**Student:** 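Shown below is the structure under consideration.
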Amino acid sequence: MTTQYSIPLSSPDITDAEIDAVVAVLKTRHLSLGPELPAFEKTLAEKVGAKYAVAVNSGTSALHLCLLGCGVGEGDEVITSPFSFIASANAPFFVGAKPRFVDIDPVSLNIDVAKIEGAVNSTTKAILPVHVFGLPADMDAVCACAKKHDLKVIEDSCEALGSLYKGKHAGTIGDCGTFAFYPNKQITTGEGGIIVTDNEHIAERAVSLRNQGRDAGMGWLAHARLGYNYRLSDIQCAMGRVQVERLDEILQMRADVAGFYAEAFAENAPDFVIPCQPPEGVTRSWFVYVGQLPEGFSEKQRNGLIAHLREKGIGCNCYFPPIHLQPFYRDMGYGPGDFPITEDIGSRSIALPFFNRMTRADAGIVVKEVAVWLANGASEADSP
Ligand SMILES: *Cc1c(COP(=O)(O)O)cnc(C)c1O
């Protein structure tokens, strides 16, 4: 008989405070565009030190409106990394632009800043660094290159709410940044996203574009420009406001869980590659717990480990399959070998259970099963 644990990959952390805030909205007439929208935006903007915050219905919408606000359009290129969630690479297509991929650094898993310069050409309009798994990219280098070539910087900070880079919050270093609130993120509104910026034009444009192109003071049926419905309801904003108020506590719980893992891996499976230590002056906000099988292990073996853990009732997944190898990117001409570091890391990576209330005992179970598999099953899983 095999033991069946039940440890999910992620889990939202909703307390009575969020529930009460949502119920309070439900008792009013303002289910959308009410007072909770500016309250949420103000709370988040203050938390991260941004002048403006514009809430929208997803992180993907936030990226779209950032690109529009930065004037990215038809025929432009946006430099970004293929080791990310698909939205960061897709968003440029929404505005008629294209991503130009740059491979990643094998340790930070963020865009390799030494390779950005070589990707700049006459059509480059912006750099879109992704702070992968909550670790800020090397923003000094990104911003220096952007300045040299007069490019916009749009930070995909959707995985990095609360991360710090040299005293500034991730998302507030470039021209604008985005956060996302799907239930697996550090904080959630069910679905949701937000744009942060110090740039008044980008903020104003986002406010109009999320609301059918209406301008301030315009009536409900007056539209200054082509817009969208990317609004976030007051029900969700109320939940988000409370989650932001709890952010410090949430980030501490997540850092504690990462600590449980680090200790257990050091003791039981030291060869497993755990998330890197941030460089001096950088603090990671823990989003997921993604490690890698040691160099030389195959994708098939990694998939074997995933199957083993799932068999034991342990949630896990392969974060990230390279974006350029997704079917519709292959149709554009990308293929294996284009971004070797992304492909190698992607083939050996595994996201393990990670959520606020995860216990030291849960982390111990997960690590034990990884160790068992490494000791017994690793080669077996790869045999023909
Ligand atoms: C979560 C995420 C997004 C946005 O996701 P939505 O599901 O649209 O909220 C964008 N980029 C990255 C890197 C993400 O992890």
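All figures in this text were calculated on a predicted structure; none of them were measured in a lab. Each ligand, and each atom within it, is numbered from 1 in the order the structure gives.
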**Student:** Do Asp256 and Gln252 have side-chain N/O donor and acceptor atoms under 3.5 Å apart?
**Tutor:** yes
**Student:** May I ask you to check whether Arg231 and Asn57 show a side-chain donor-acceptor distance below 3.5 Å?
**Tutor:**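 No, no side-chain donor-acceptor contact under 3.5 Å.
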**Student:** What I want to know is whether Ser88 and ligand 1 share at least one N or O pair that is separated by under 3.5 angstrom.
**Tutor:**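 No - when backbone and side-chain N and O of Ser88 are compared with those of ligand 1, no distance drops under 3.5 Å.
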**Student:** Do any nitrogen or oxygen atoms of Glu159 come within less than 3.5 Å of a nitrogen or oxygen of ligand 1?
**Tutor:**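 Between Glu159 and ligand 1, an N or O pair is found under 3.5 Å apart.
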**Student:** Determine, for Glu155 against Lys168, whether the closest basic-nitrogen to carboxylate-oxygen distance falls under 4.0 angstrom.
**Tutor:**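 Judged by the 4.0 Å cut-off on N to carboxylate O distance, Glu155 and Lys168 do not form a salt bridge.
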**Student:** Heavy atoms only, cut-off 4.0 Å: how does Glu191 contact ligand 1, side chain, backbone, both, or neither?
**Tutor:**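 It is neither part, as no heavy atom is under 4.0 Å.
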**Student:** Would Ala87 count as being in polar contact with ligand 1, using the rule that some N or O on each side must be under 3.5 angstrom apart?
**Tutor:**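 Between Ala87 and ligand 1 (N or O atoms, distance only) the closest approach is not under 3.5 Å.
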**Student:** Check each atom of ligand 1 against the heavy atoms of Lys185 and keep those under 4.0 Å away; list them by number with element.
**Tutor:** 1 (C), 2 (C), 3 (C), 14 (C), 15 (O)
**Student:** What atoms in ligand 1 come closer than 4.0 Å to a heavy atom of Ser84?
**Tutor:** 13 (C)
**Student:** Given Phe133, which partner from the list Phe320, Tyr289, Phe354 fulfils the ring-ring contact (aromatic ring centres under 6.0 Å, His included) test?
**Tutor:**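 Looking at Phe320, Tyr289, Phe354, the match for Phe133 under the ring-ring contact (aromatic ring centres under 6.0 Å, His included) is Phe320.
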**Student:** Are Asp215 and Arg225 ion-paired here, with the side-chain N under 4.0 Å from a carboxylate O?
**Tutor:**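 Yes.
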**Student:** Which class fits the ring pair Tyr334 and His324: parallel under 30°, tilted 30 to 60°, perpendicular over 60°?
**Tutor:**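 The arrangement is perpendicular - the two ring planes meet at more than 60°.
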**Student:** Quick check: Thr60 and ligand 1, any N/O pair under 3.5 Å apart?
**Tutor:** yes
**Student:** Are the side chain of Asp344 and the backbone N or O of Ile341 linked by a donor-acceptor pair below 3.5 Å?
**Tutor:** no
**Student:** Judged by non-hydrogen atoms, does Gly193 sit under 4.0 Å from ligand 1?
**Tutor:** no
**Student:** Within ligand 1, which atoms have a heavy atom of Gly59 less than 4.0 Å away?
**Tutor:** 4 (C), 6 (P), 8 (O), 9 (O)
**Student:** Distance to 0.1 Å, residue and atom name: give those for the protein heavy atom nearest to atom 12 (C) of ligand 1.
**Tutor:** Asp156 OD2, 3.5 Å
**Student:** Which atoms from ligand 1 have a heavy atom of Val130 less than 4.0 Å away?
**Tutor:** 13 (C)
**Student:** Indicate yes or no for a side-chain donor-acceptor contact from Arg302 to the backbone of Ser349 under 3.5 Å, with no hydrogens or angles considered.
**Tutor:**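 The answer is yes, because a donor-acceptor pair under 3.5 Å joins these two groups.
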